[in-house]
Amino acid sequence: MQVNVSNIVFNFSTTTPGQVDSANFAFYGSNAETGEFLNNTVRVDKTELPEGTTFFTGLDKAQTIARQKLLKYLALPTDTTTTTA
């Protein structure tokens, strides 16, 4: 399944006009053969960007960070046993 960024939303600071504090990256992927699909949104904070980089000068870096976070979140445990209390 190929997963692409379908939307990027910039979240501006409420205290510093014009400053972007974070960005939400919306991901979408689908498999036509199985009908399965994926929709996820991952937020990247400005503190996660490399030093000296902004969302506007390093959008590719921010997208890479978002993809890495998405992969981390999707790495579900392989143990499928459940415990009930």
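Hydrogens, waters and symmetry mates are skipped; everything else that's a heavy atom, side chains included, is used.
- Both F27 and M1 are assigned to one and the same hydrophobic cluster, defined by single-linkage of ILVMFWY side chains at heavy-atom distances under 4.5 Å.
- N11 and S22 form a side-chain donor-acceptor contact under 3.5 Å, judged by distance and modelled atom types alone.
- The side chain to side chain contact (heavy atoms under 4.5 Å, CB included) test applied to T16 returns S13, Q19, not counting sequence neighbours.
- Applying the salt bridge (charged side-chain N to carboxylate O under 4.0 Å, His left out) definition to pairs two or more places apart or across chains, those involving residues 13-31 are D21-K46.
- Residue pairs satisfying the salt bridge (charged side-chain N to carboxylate O under 4.0 Å, His left out) criterion with at least one member in residues 26-36, sequence neighbours excluded, are absent.
- Cluster partners of Y28 are F37, counting Ile, Leu, Val, Met, Phe, Trp and Tyr whose side-chain heavy atoms approach within less than 4.5 Å, directly or via other members.
- Applying the side chain to side chain donor-acceptor pair (under 3.5 Å) criterion to N31, with sequence neighbours excluded, gives no partner residue.
- No continuous path of ILVMFWY side-chain contacts below 4.5 Å connects L71 to F25, so the two sit in separate hydrophobic clusters.
- N24 has its side chain out of reach of V42: every pair of non-hydrogen atoms, C-beta onward, lies at least 4.5 Å apart.
- Partners of K69 by salt bridge (Lys or Arg N to Asp or Glu O under 4.0 Å), not counting sequence neighbours, listed by chain and number: E48.
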Output side-chain donor-acceptor pairs under 3.5 Å for residues 56-66, partner residues at least two apart or in another chain, one line each.
unit_1 : atom_1 : unit_2 : atom_2 : d
T57    : OG1    : T54    : N      : 3.0
T57    : OG1    : T54    : OG1    : 3.1
T64    : OG1    : D60    : O      : 3.0

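- Applying the side chain to side chain donor-acceptor pair (under 3.5 Å) criterion to N39, with sequence neighbours excluded, gives no partner residue.
- By the side chain to side chain donor-acceptor pair (under 3.5 Å) test, N4 pairs with Q2, sequence neighbours left out.
- Applying the salt bridge (Lys or Arg N to Asp or Glu O under 4.0 Å) criterion to R67, with sequence neighbours excluded, gives no partner residue.
- Linking Ile, Leu, Val, Met, Phe, Trp and Tyr residues whenever their side-chain heavy atoms come within less than 4.5 Å leaves L49 and V9 in two separate clusters.
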